[in-house]
Amino acid sequence: MRVFITGGTGFVGSALTRLLAGEGHEVLLLTRSARGRTPDDPLVRLIEGDPTQTGPWREAAGEADAVVNLAGASIFTRWTSAAKQRMVDSRILTTRHVVQAMAAGPAKPRVLVSVSAVGFYGALGDEPVDERAGPGQGFLAQLCQDWEREARVAEECGARVVLTRFGIVLGPSGGALGIMLPLYRFGLGGRLGGGRQGFSWIHLTDLTAALLFCLNHAEISGPVNVTSPNPVTNAELSRALGRVLKRPAVVPAPAFMVRLVLGEFGSMLLTGQRVLPARLLAAGFVHQFPRLEPALAQILT
């Protein structure tokens, strides 16, 4: 299978590329600059281009058997007006151009696996939800709805569309842990606010395996939650990190301070979500790291 990936050189994309190439698939990675870079694997080829703009890169996307759309500016920042616009443009414009490229390519059965987020469900606190739940309220929920709507346009050209709603991805050398670990290693980590808010997470290994699972299973389409079957609370996350790192995790961040520093994004962190991967489990997917503490131990020790 020839797989075209946007966002393929990032934290998730790099791991997915290794998995796909290891399985014998040809991988086309879209990158803004390919100059002077040569992939280690002969099955991997770099395609230069900016996915938020049209360009020659779209020919490679149109000729692929599958497209995995991972591009999107990070949400782990203070949500200023400028930051929000970057989040919107990087997702909506990229997805729109990818779908247009697929529509213009040779007619064949194809699949688009397009990333979304559990933010689709809005701020729910500790109430468990699965794919049957409707959209929530707020900036991130609306962004996810608009993002998924752009991806679904690919169905008009006969593509199978899978909307993978990611939880917080835990893995080495990046992601959420890259932000959290410095504080915990200095003994300054702790729960956010009251700590009762849900934390929906996924080990990087399980996430990439789930993406490959969706590519390989033609019966899967529509929304798919890519999370662990065992979400935790923020306080449980904090205690587990402390135990794995053998550091105290007793310095809570008061709710008012989280909101002061992170604004609207901070408010979302204080409410959280408990999202379950019902469709993956029903399709027979098996998580290698279903529980948090063993997952953290594998990553950090």
Side-chain angles (χ1 to χ4, degrees), residues 11-12 15 74-79 117-130 136 138-141 165-207 210 225-277 287-301:
F11 173 58
V12 172
S74 175
I75 68 168
F76 289 95
T77 184
R78 187 176 180 87
W79 289 359
V118 296
F120 174 92
Y121 302 107
L124 298 171
D126 204 32
E127 175 189 351
V129 298
D130 61 23
F139 167 72
L140 188 55
R165 295 172 181 165
F166 287 11
I168 301 297
V169 185
L170 304 180
S173 306
L177 286 180
I179 299 171
M180 299 165 64
L181 286 179
L183 284 175
Y184 279 85
R185 284 181 167 139
F186 282 104
L188 299 175
R191 58 179 168 78
L192 300 180
R196 293 183 296 275
Q197 65 271 35
F199 180 81
S200 299
W201 62 278
I202 182 79
H203 190 292
L204 180 62
T205 296
D206 285 333
L207 182 141
N225 293 334
V226 184
T227 62
S228 161
N230 298 291
V232 296
T233 66
N234 178 265
E236 289 169 335
L237 166 68
S238 180
R239 290 194 293 269
L241 265 173
R243 286 192 294 268
V244 170
L245 293 171
K246 296 181 172 56
R247 294 287 190 277
V250 294
V251 185
F256 81 89
M257 184 66 70
V258 175
R259 291 191 179 96
L260 180 65
V261 173
L262 293 176
E264 187 178 352
F265 178 50
S267 295
M268 181 156 186
L269 292 177
L270 291 167
T271 49
Q273 302 156 319
R274 292 178 70 90
V275 178
L276 303 174
H287 292 73
Q288 187 174 341
F289 298 99
R291 297 197 175 276
L292 179 64
E293 194 158 333
L296 291 173
Q298 190 277 334
I299 294 167
L300 299 173
T301 59

Engineer: Quick one: pull up CG in Leu292 and CG in Leu241 and give me the separation to the nearest 0.5 Å.
Structural biologist: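 Interatomic distance, Leu292 CG to Leu241 CG, rounded to 0.5 Å: 7.0 Å.
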
Engineer: Does some side-chain heavy atom of Trp201 sit less than 4.5 Å from a side-chain heavy atom of Leu296?
Structural biologist: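 SC-SC contact between Leu296 and Trp201 ruled out.
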
Engineer: Closest approach of Gly198 and Arg274, non-hydrogen atoms and distance?
Structural biologist: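 Distance-wise, the nearest heavy atoms are CA-CG, 3.6 Å.
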
Engineer: How long is the straight-line distance from CZ of Phe166 back to CG of Leu207, given to the nearest 0.5 Å?
Structural biologist: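 Here the rounded value is 4.0 Å.
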
Engineer: With rounding to the nearest 0.5 Å, note down the distance linking CG in Asn225 to CZ in Arg165.
Structural biologist: 6.5 Å

Engineer: Can you tell me how far the OG1 atom of Thr233 sits from the CZ atom of Arg239, to the nearest 0.5 Å?
Structural biologist: 6.0 Å

Engineer: Looking only at non-hydrogen atoms, find the nearest pair between Leu300 and Leu245 and report the distance.
Structural biologist: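 In terms of heavy atoms, the two residues are closest at CD1-CD2, 4.0 Å.
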
Engineer: For Phe11, check ring-ring contact (aromatic ring centres under 6.0 Å, His included) against everything at least two apart and list the hits.
Structural biologist: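 Phe11: no ring-ring contact (aromatic ring centres under 6.0 Å, His included) contacts found.
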
Engineer: Only counting residues at least two apart or in another chain, list the ones meeting side chain to side chain contact (heavy atoms under 4.5 Å, CB included) with Ser200.
Structural biologist: Thr227, Pro231, Gln273, Val275

Engineer: What closest approach, in Å, do Ile202 and Ser228 show between heavy atoms, and which atom pair accounts for it?
Structural biologist: CD1-N, 3.9 Å

Engineer: Applying salt bridge (charged side-chain N to carboxylate O under 4.0 Å, His left out) as the test, list every pair that has at least one member in residues 169-183; sequence neighbours left out.
Structural biologist: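 Non-adjacent pairs meeting salt bridge (charged side-chain N to carboxylate O under 4.0 Å, His left out): zero.
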
Engineer: Mind checking side chain to side chain contact (heavy atoms under 4.5 Å, CB included) for Thr205 and listing every partner two or more places apart, or none if nothing turns up?
Structural biologist: His203, Gln288, Phe289

Engineer: Provide the closest heavy-atom pair for Pro172 versus Ile299 in the form atom of the first, atom of the second, distance.
Structural biologist: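 Pro172 and Ile299 have their closest heavy atoms at N-CG2, 3.7 Å.
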
Engineer: Can you list every salt bridge (charged side-chain N to carboxylate O under 4.0 Å, His left out) pair that touches residues 172-181, not counting sequence neighbours?
Structural biologist: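 Qualifying pairs, neighbours excluded: none.
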
Engineer: Is Ile168 close to Phe76 at the side-chain level, that is, under 4.5 Å between some pair of heavy atoms?
Structural biologist: yes

Engineer: Who pairs with Glu293 by side chain to side chain donor-acceptor pair (under 3.5 Å), at least two apart in sequence or on another chain?
Structural biologist: Arg243

Engineer: List in chain and number order the residues that pass salt bridge (charged side-chain N to carboxylate O under 4.0 Å, His left out) with Arg291, two or more places apart in sequence or in another chain; answer none if no residue qualifies.
Structural biologist: none

